[in-house]
*Asks:* 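Below are the structure tokens for one structure; questions will follow.
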Amino acid sequence: MRNDVSIVILAAGLGTRMKSRQAKVLHRAGGDTLVGHAVRTALKSAPPERIFVVVGHQADQVQQAAGNSGVRFIHQTEQKGTGHAVLCGREQLAANGGLLAILNGDCPLVRPETIAGLIEKQAASEAGGTLISTRLDDPTGYGRVIRDAAGNVQAIVEHRAASEEQRRVDEINAGFYCFDAGLFWKHAGEIRPDNPANEYYLTDMVEILLRAGHRIQPFFIADSAELLGINTRVELARVDRIFRQRTVRELMLEGVTIERPETVTIDASVKIGMDTVIEPFARILGRTTIGENCRIGACSIVSDSQLEDEVEIAPFSSIAASRLDRGAHAGPYARLRMESHVEARGVVGNFVELKKTRLGAGSKAQHLSYLGDSTIGAGTNIGAGTITCNYDGKKKHPTKIGDRAFIGSNSTLVAPVEVGNGAYIAAGSVITDAVPEDALALGRSRQVVKPGWAKTRREKT
Ligand code: UD1
Ligand code: CA
């Protein structure tokens with residue numbers, strides 16, 4: 001990280017080609033917004049107080065998405081082009097000497113090492129500026145890099161303004177620049193909106209600096225994949241796929257088995273231990289950590305959750321903001337949410353929902369239950385169909401069940417209510433009052449049997 005570089009991230013545009021009411025840089029790929037990625041990348045090359053994000057469309061949301069890392073903002077109220085965007089920061093930036101790096105905010109795959117390389121290349125040269133170029137099979141839409149005989153950049157010609165011959169050039173401007181800051185500000189005012197789009201093009205700085213006697217050098221990157229810009233939702237999906245491939249590849253190299261990796265979605269922020277198996281179509285998102293020897297079943301979604309070692313999530317489960325301790329099991333078709341916690345070897349089976357509920361060590365809720373705002377001790381069995389009635393239409397109430405209790409099938413526990421250690425609840429009970437330790441509670445009417453009644457009825461009709 002250098003202290004003599006200021007970084008400007010261009011993020012004020014609407015992104016007309018996205019056909020969206022949302023600013024382009026707020027769209028998401030690889031588990032984060034485009035502006036979020038750009039800021040994270042910039043933070044690897046400069047301290048936050050030297051990073052400036054140009055905001056315009058939905059400025060508030062873009063500022064929020066940029067995070068509270070301490071980066072600063074430049075307001076571009078009218079979007080008159082990439083050159084105009086940087087010029088809006090003249091007051092805040094012109095006093096900073098050294099280097100001025102400028103990053104397009106719609107190119108989230110670029111690696112921090114590549115940006116560091118760009119800055120180093122400029123720092124080590126006497127050139128007026130350096131820009132990243134690459135070669136694309138289909139350069140349509142990008143600015144073309146026109147080189148002189150010495151290999152320096154002579155001009156960037158935007159696709160719209162390019163001649164037939166220029167359009168055949170497959171070397172493109174990736175949208176990442178590093179200038180000598182003093183030179184940049186000395187000449188930036190010379191950018192004119194003299195193009196079909198009537199915009200102030202940042203790329204005009206190439207010819208402007210050239211005229212003033214300063215050369216612009218290319219920093220050629222052979223791997224074009226990391227330089228894909230996003231202008232449409234088709235490109236958004238393509239970039240997202242590349243992010244996903246990167247993440248699953250890294251995880252596999254670190255010892256995670258991923259079956260059918262092309263179907264799996266894992267955010268870069270997720271941590272997974274060795275020998276864990278991820279089945280097809282799983283989605284693992286946000287601040288999730290998963291231990292060793294776990295299994296995440298097919299089509300399950302795990303977000304912002306902590307799983308210790310040996311945890312098994314069977315297929316089609318949804319685990320959100322919850323915790324499962326060593327050896328716990330959930331699913332298939334389980335739903336855990338809002339800080340639920342399954343302690344060691346606890347079991348949550350099919351069609352069981354836990355909300356803000358702690359299920360103690362070795363306790364089981366195997367089938368068809370709703371347990372909300374509940375605390376359940378260790379070694380307790382929750383029978384099929386048990387429901388905690390935690391909501392009275394106005395407020396939520398807690399249910400507390402002790403250790404080694406047995407809740408018979410189809411019981412209804414009307415909260416607030418407590419069931420003591422070792423207590424039994426008869427199947428089909430409605431429990432409205434506390435059940436003491438080791439007691440049996442029956443909350444249902446007795447069965448009545450009328451011998452011969454059915455036969456008599458048949459004979460009458
Ligand atoms: C730009 C380059 C083009 C390059 C391409 C690489 C110019 C004139 N052209 O074209 O040479 O090949 O990127 O992806 O720079 N923005 C603002 N304010 C504005 C306009 C844009 O902040 O007034 C921001 C956008 O939010 C976006 C970035 O600048 O993040 C690039 O803008 P965009 O319109 O996508 O430029 P391209 O046409 O792709
Ligand atoms: Ca673009």
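Computed from a predicted structure; not experimentally measured. One-based numbering, in listed order, for ligands and for the atoms of each. Residues: numbered from 1 along the sequence shown.
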*Asks:* For ligand 1, does R17 get within less than 4.0 Å through its side chain, its backbone, both, or neither, judged by non-hydrogen atoms?
*Replies:*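 Just the side chain.
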*Asks:* Evaluate G81 for polar contact with ligand 1, using N/O atom pairs at a separation under 3.5 Å.
*Replies:*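 For ligand 1, there is an N or O atom that lies under 3.5 Å from one belonging to G81.
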*Asks:* Should one rank L14, N104, V145 by closest heavy-atom distance to atom 28 (C) of ligand 1, which comes out on top?
*Replies:*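 Among L14, N104, V145, the closest heavy atom to atom 28 (C) of ligand 1 belongs to N104.
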*Asks:* Which of these, V55, T134, V86, N173, has its nearest heavy atom closest to atom 12 (O) of ligand 1?
*Replies:*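 Answer by nearest heavy atom: N173.
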*Asks:* Between K24 and ligand 1, is there a nitrogen or oxygen pair with a distance under 3.5 Å?
*Replies:*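 Indeed, backbone or side chain, K24 has an N or O that close.
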*Asks:* So which protein N/O/S atoms does the Ca ion (ligand 2) have within less than 3.0 Å?
*Replies:*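 Result, waters dropped: D106 OD2, N231 OD1.
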*Asks:* Just wondering, are more than 12 heavy atoms of other shown residues or ligands nearer than 6.0 Å to CD in E339?
*Replies:*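 Not buried by this count: 12 neighbours or fewer within 6.0 Å.
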*Asks:* Stepwise, does the side-chain contact (heavy atoms from CB on, under 4.5 Å) test hold for L324 with I313?
*Replies:* CA-CA 10 Å; L324 291 101; I313 307 294; 4.2 Å; yes
*Asks:* What part of I172, side chain from CB on, backbone N/CA/C/O, both or neither, has a heavy atom under 4.0 Å from ligand 1?
*Replies:* neither
*Asks:* For ligand 1, note which part of E199 has a heavy atom under 4.0 Å away: side chain, backbone, both or neither.
*Replies:* neither
*Asks:* Hey, are K396 and D373 close enough for a salt bridge, meaning a charged N less than 4.0 Å from a carboxylate O?
*Replies:* no
*Asks:* List ligand 1 atoms under 4.0 Å from K80, heavy atoms only on the residue side.
*Replies:* 23 (O)
*Asks:* Looking only at side-chain N and O atoms, does D267 offer a donor or acceptor that is under 3.5 Å from a partner on S269?
*Replies:* no
*Asks:* Is it the case that H341 and D325 place a side-chain donor and acceptor less than 3.5 Å from each other?
*Replies:*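 On atom types as modelled, these side chains qualify, holding a pair under 3.5 Å.
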*Asks:* Any N or O on G175 sitting closer than 3.5 Å to an N or O of ligand 1?
*Replies:*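 No: no nitrogen or oxygen of G175 is under 3.5 Å from one in ligand 1.
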*Asks:* For ligand 1, is there an N or O atom under 3.5 Å from any N or O atom of V25?
*Replies:*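 N/O-N/O distance below 3.5 Å does not exist for this pair.
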*Asks:* Just to be sure I read this right, does ligand 1 sit under 4.0 Å from the backbone of A85, its side chain, both, or neither, counting only heavy atoms?
*Replies:*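 Looking at A85 and ligand 1, just side chain atoms fall under 4.0 Å.
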*Asks:* Just to confirm my output: which protein heavy-atom neighbour is closest to atom 32 (O) of ligand 1, and how far is it?
*Replies:*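 For atom 32 (O) of ligand 1, the nearest protein heavy atom comes out as T82 CG2, 3.9 Å.
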*Asks:* Once you restrict to heavy atoms under 4.0 Å, what part of A23 touches ligand 1? Side chain, backbone, both or neither.
*Replies:*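 Answer for A23: neither.
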*Asks:* Which is it for L10 and ligand 1 at heavy atoms under 4.0 Å: side chain, backbone, both or neither?
*Replies:*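 Contact part for L10 vs ligand 1: both backbone and side chain.
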*Asks:* Quick one: does H84 get a heavy atom under 4.0 Å from ligand 1?
*Replies:*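 So H84 does not count as touching ligand 1.
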*Asks:* Within the distance-only criterion (no hydrogens, no angle test), does the side chain of H159 pair as donor or acceptor with the backbone N or O of G141 below 3.5 angstrom?
*Replies:*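 Present.
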*Asks:* Can any side-chain N or O of T288 pair as donor or acceptor with the backbone N or O of S305 at less than 3.5 Å?
*Replies:*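 Side chain of T288 to backbone of S305: a pair is present.
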*Asks:* Start with the C-alpha distance between Q245 and E262, add both sets of side-chain angles, then the distance that settles side-chain contact (heavy atoms from CB on, under 4.5 Å), and finish with yes or no.
*Replies:* CA-CA 7 Å; Q245 285 166 348; E262 69 280 12; over 6 Å; no
*Asks:* Contact between ligand 1 and C107 is defined here as a heavy atom of the residue under 4.0 Å from a ligand atom; is it met?
*Replies:*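 Flag not set, C107 not near ligand 1.
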*Asks:* Name the closest protein heavy atom to atom 10 (O) of ligand 1, giving the residue it belongs to and the distance to 0.1 Å.
*Replies:*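 Looking at atom 10 (O) of ligand 1, the protein heavy atom closest to it is E158 OE1, 4.0 Å.
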*Asks:* Going by an N to O cut-off under 4.0 Å, is there a salt bridge joining E113 and K44?
*Replies:*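 A salt bridge is absent here (no side-chain N lies under 4.0 Å from a carboxylate O).
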*Asks:* In terms of atom number and element, which parts of ligand 1 are under 4.0 angstrom from non-hydrogen atoms of Q76?
*Replies:*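 Counting from 1, the qualifying ligand atoms are 17 (C), 18 (N), 19 (C), 22 (O), 23 (O).
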*Asks:* Hey, does I156 come in under 3.5 Å of ligand 1, counting only N/O atoms on both sides?
*Replies:*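 No, no N or O pair falls under 3.5 Å.
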